[in-house]
Amino acid sequence: MRALLFSVLVSNFVSVFSSPHSARGSLSDVCNQIAQAISSESDVHYPLDLLYDKDISHWASSSSAVATCSVEPGSAADVGIILQILGNTSTPFGVKGGGHASNPNFSSTTGVQIAMYRFSDVVYDAASSTATFGAGLIWDDVYAALAPYNVNVVGGRVTGVGVAGFTLGGGYSWKTNQYGLTIDTVTAFELVKPDGTVANVTQESDPDLFFALKGGFNNFGIVTRFTLQTFPQTQVWGGLITYTENQIPEVIDATHTFASNVTDPKAAIITTANFVLGQPGISQLLFYDGPTPPDGIFDDFLAIPFFTKDVSTRDFVSLVQSSPSNATAGTRAIFDSAPLVELTPTVLDAIINETVFWGARLSFESGTFISYDIEPFLPTIFTHGQFESAYPPSRSTRYLPLNLYYAWDLEIADDAFHSAIKQSANQITAVALAEGQAGVDSAPLYPNYAIYDTPLERLYGDNVAKMQSVKAIVDPNNVMGLTGGFKI
């Protein structure tokens, strides 16, 4: 690791002093300027520091970059100071919350890496039935902090996912059938604007900015804290079942039956078709928001012979951590998506075919894990939001957010995997279109699953114009254009 850091730092040194930025001072000068300006609540770290390694690392190694320095702000005021320095010096930067970004360079940089770990507080307000928590947390931490109060929020479904990117990208949850997307339950954002000022953004204080933040990621500043509605939480039922190749047809039939017939909003599943260690299989997550599900909802899944099974009545944190989503941490990775109107047998068969085809082919390109997350939701999920949001651009039609996820080892294979996952998403879309699922080729993609070169219109539709207007007011000098992500 240190040899890699040294080689990349040499490359950075050469590029810095051969670029226009050197006329305003080197990246190292900017790091030193930040270190001198921030308060004792914050710190700057440099390569070879132990905390620096933590600051730049991501769940997917392909989403990490060797920054000139990292900074851990400890207050919103210090975030404001940092943003002003970065803007005044036109310095590239990255903003990392939980570090679960799948797109390269979206939350990383060779400039100044901002790591939000110190925003780690969770405060429950029983009077308003809300929880306020910091942008440096993962959902596991938030759920654990709220558990003693027997309340919960609408958040991530698997372990290790950061609250910041997940929320700012929309947020599909185990509770979405009951309460909508995570952004539908946000009541306030603590936002550090690009000019350094700190604002508490609500529907009442600034409805246009509140709208834009709900799905608009980091285009309007850096969110340091989120306030969400809370809901009563009992024990839940569910967990993970894995099935081998010979059981796939039965599991797919059970998935189709569930998606077509189950209307209980407390019930949810994720059926993941995967190809690992040279074989296709299924990882099946079951969830019921209560200690015991009614008879009949999950019976088909439970009757199928399994390879492993971890299903029980348990607390919510245990349920979330039953998913092995961190098993592939540290590999290179990319997501893509193919929105669907419904999960028909034809489409489900196509997904299995894609899993097997690309799993076998990409194993020769250092592929380690090829997967397709099949995620049924009720048609009513977009009716829960009280206010408009940047995503989804329309709430008239619910599209299902199929997630394609490829993992591999070698950087030299990046282009091959990026190309393959796009081809696969296009193939599934073509199958759905041929079956009569009109509009899926232009339907909005879930921003947290969308691949890096997705056009803004495929994320936000007609909302792009309004988001551009908000951007012009909040960030006229395009300071947030110095960082990665889907840029307005």
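Since we're looking at a predicted model, the values are computed, not measured.
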Handout entry: Heavy-atom donor-acceptor pair, Thr429 side chain to Ala425 backbone, under 3.5 Å
Key = yes
Exercise for the section: Report the distance from atom CG of Leu228 to atom OG1 of Thr167, rounding to the nearest 0.5 Å. Expected result: 6.0 Å
Problem - Distance-only polar pair, side chains of Tyr406 and His418, donor-acceptor under 3.5 Å - result: no
Problem - Heavy-atom donor-acceptor pair, Ser323 side chain to Thr159 backbone, under 3.5 Å - result: no
Exercise for the section: Kindly check if the number of other-residue, nucleotide or ligand heavy atoms within 6.0 Å of CD (Glu388) is above 12? Expected result: no
Practice task
Would you mind listing every salt bridge (Lys or Arg N to Asp or Glu O under 4.0 Å) that reaches into residues 473-488, with sequence neighbours excluded?
Solution key: Lys471-Asp475
Practice task
Measure across Thr187 and Thr202 and return the closest heavy-atom pair with its distance rounded to 0.1 Å.
Solution key: O-CG2, 3.5 Å
Problem - Check: Tyr399 and Pro444 side chains under 4.5 Å, non-hydrogen atoms - result: yes
Handout entry: Arg157 side chain vs Tyr172 backbone, donor-acceptor pair below 3.5 Å
Key = yes
Problem - Side-chain donor-acceptor pair present, Asp315, Gln233, cut-off under 3.5 Å - result: no
Problem - Check: Glu41 and Arg118 side chains under 4.5 Å, non-hydrogen atoms - result: no
Exercise for the section: For the pair Asp336 and Lys422, find out whether any cationic side-chain nitrogen is under 4.0 Å from an anionic carboxylate oxygen. Expected result: no
Problem - Euclidean distance, Ile270 CD1 relative to Ile282 CD1, rounded to 0.5 Å - result: 13.0 Å
Practice task
On the 0 to 90° scale, with breaks at 30° and 60°, tag the His100-Phe335 ring pair as parallel, tilted or perpendicular.
Solution key: tilted
Practice task
Find out whether Phe119 and Val79 are in side-chain contact, i.e. whether some heavy atom of one side chain is under 4.5 Å from a heavy atom of the other.
Solution key: yes
Handout entry: Residue pair Trp408 / Asp414, side-chain donor-acceptor N/O under 3.5 Å
Key = yes
Handout entry: Between Asp125 and Ser128: side-chain donor-acceptor atoms closer than 3.5 Å
Key = yes
Practice task
Measure across Gly94 and Thr483 and return the closest heavy-atom pair with its distance rounded to 0.1 Å.
Solution key: CA-OG1, 3.5 Å
Practice task
Indicate yes or no: at least one non-hydrogen side-chain atom of Asn152 is less than 4.5 angstrom from one of Thr230.
Solution key: no
Handout entry: Thr110 (side chain) donor-acceptor with Val66 (main chain) under 3.5 angstrom
Key = no
Exercise for the section: Report yes or no: do Lys96 and Tyr117 form a side-chain donor-acceptor pair below 3.5 Å? Expected result: yes
Handout entry: Note: Arg395-Asp184 ion pair, threshold 4.0 Å (strictly below)
Key = yes
Problem - Thr271 versus Thr255, side-chain donor and acceptor atoms under 3.5 Å - result: yes
Exercise for the section: Go through the side-chain N and O atoms of Ser371 and Asn274 and say whether any donor and acceptor fall under 3.5 Å apart. Expected result: no
Exercise for the section: Please work out whether the ring planes of Tyr449 and Tyr446 are parallel, tilted or perpendicular, with thresholds of 30° and 60°. Expected result: perpendicular
Exercise for the section: Could you tell me how the ring of Trp174 sits relative to the ring of Phe287: parallel (under 30°), tilted (30 to 60°) or perpendicular (over 60°)? Expected result: parallel
Handout entry: Exercise: do Asn403 and Glu375 side chains pair donor with acceptor under 3.5 Å
Key = no
Problem - Donor-acceptor side-chain pairing of Ser173 and Tyr179 below 3.5 angstrom - result: no
Exercise for the section: Measure from NZ or CZ of Lys214 to the centre of the six-membered ring of Phe387, then state whether that distance is under 6.0 Å and the direction lies within 45° of the axis. Expected result: no
Practice task
Please determine, by modelled atom types, if Thr328 and Tyr405 share a side-chain donor-acceptor pair under 3.5 angstrom.
Solution key: yes
Practice task
Report yes or no: do Gln84 and Asp195 form a side-chain donor-acceptor pair below 3.5 Å?
Solution key: no
Practice task
Verify ring-ring contact (aromatic ring centres under 6.0 Å, His included) between Tyr372 and Trp358, making sure each step is shown before the conclusion.
Solution key: CA-CA 11 Å; Tyr372 296 71; Trp358 288 110; 9.4 Å; no
Problem - Under 3.5 Å donor-acceptor, Thr185 side chain and Thr182 backbone - result: yes
Handout entry: Approximate separation, where rounding is to 0.5 Å, of Phe211 CZ and Ile183 CD1
Key = 9.5 Å
Practice task
Kindly assign one of parallel, tilted or perpendicular to the pair Tyr124 and Tyr149, based on the angle between their ring planes and the thresholds 30° and 60°.
Solution key: tilted
Exercise for the section: Could you please spell out the steps behind the ring-ring contact (aromatic ring centres under 6.0 Å, His included) verdict for Tyr452 and Phe106? Expected result: CA-CA 8 Å; Tyr452 52 84; Phe106 267 42; 7.6 Å; no
Exercise for the section: Could you tell me whether the side chain of Phe93 reaches within less than 4.5 Å of the side chain of Ile114, counting heavy atoms only? Expected result: yes
Problem - Any side-chain donor near an acceptor of the partner, Asp310 and Ser322, under 3.5 Å - result: no
Practice task
Output yes when a side-chain donor or acceptor of Tyr460 lies under 3.5 Å from a complementary backbone atom of Gly215, and no otherwise.
Solution key: yes
Practice task
Taking the side chain as every heavy atom from C-beta outward, state whether Leu86 and Ile34 have any pair of such atoms under 4.5 Å apart.
Solution key: yes
Handout entry: Donor on one side chain, acceptor on other, Gln284 and Lys309, under 3.5 Å
Key = no
Handout entry: Met116 and Leu137, any side-chain heavy atoms less than 4.5 Å apart
Key = no
Exercise for the section: Please test Phe369 against Phe275 for ring-ring contact (aromatic ring centres under 6.0 Å, His included), starting from the C-alpha separation and ending with a verdict. Expected result: CA-CA 6 Å; Phe369 190 74; Phe275 194 98; 10.0 Å; no
Practice task
Indicate yes or no for a side-chain donor-acceptor contact from Asp289 to the backbone of Val236 under 3.5 Å, with no hydrogens or angles considered.
Solution key: no
Exercise for the section: Locate the shortest heavy-atom distance separating Val30 from Thr91; write the atom from each residue and the value. Expected result: CG2-OG1, 3.4 Å
Problem - salt bridge (Lys or Arg N to Asp or Glu O under 4.0 Å) between Asp409 and Arg332, intermediate numbers included - result: CA-CA 6 Å; Asp409 288 329; Arg332 305 186 73 77; over 6 Å; no
Exercise for the section: Provide the closest heavy-atom pair for Ser42 versus Pro73 in the form atom of the first, atom of the second, distance. Expected result: OG-CA, 3.3 Å
Exercise for the section: May I ask you to decide if Phe166's main-chain N or O and Asn448's side chain share a donor-acceptor pair within less than 3.5 Å? Expected result: yes
Handout entry: Nearest-0.5 Å distance that lies between atom OH in Tyr46 and atom SG in Cys31
Key = 5.0 Å
Handout entry: Donor-acceptor pair between Ser108 and His58 side chains, under 3.5 angstrom
Key = no
Handout entry: Short side-chain donor-acceptor distance under 3.5 Å, Thr242 and Thr308
Key = yes
Completion exercise
Nearest heavy-atom contact between Gly238 and Leu319 is C-CD2, 3.4 Å
Problem - Arg458 side chain to Ala443 backbone, donor-acceptor under 3.5 Å - result: yes
Problem - Value rounded to 0.5 Å, distance of CH2 in Trp59 from OG in Ser102 - result: 7.0 Å
Handout entry: Sub-4.5 Å side-chain heavy-atom contact between Leu402 and Pro339
Key = no
Handout entry: Value rounded to 0.5 Å, distance of CD1 in Ile488 from CE in Met467
Key = 4.0 Å
Handout entry: Residue pair Lys193 / Leu209: nearest heavy atoms and the distance that separates them
Key = CE-CD2, 4.1 Å
Practice task
Spell out, as yes or no, whether a donor-acceptor pair under 3.5 Å connects the side chain of Asn218 to the backbone of Gly484.
Solution key: yes
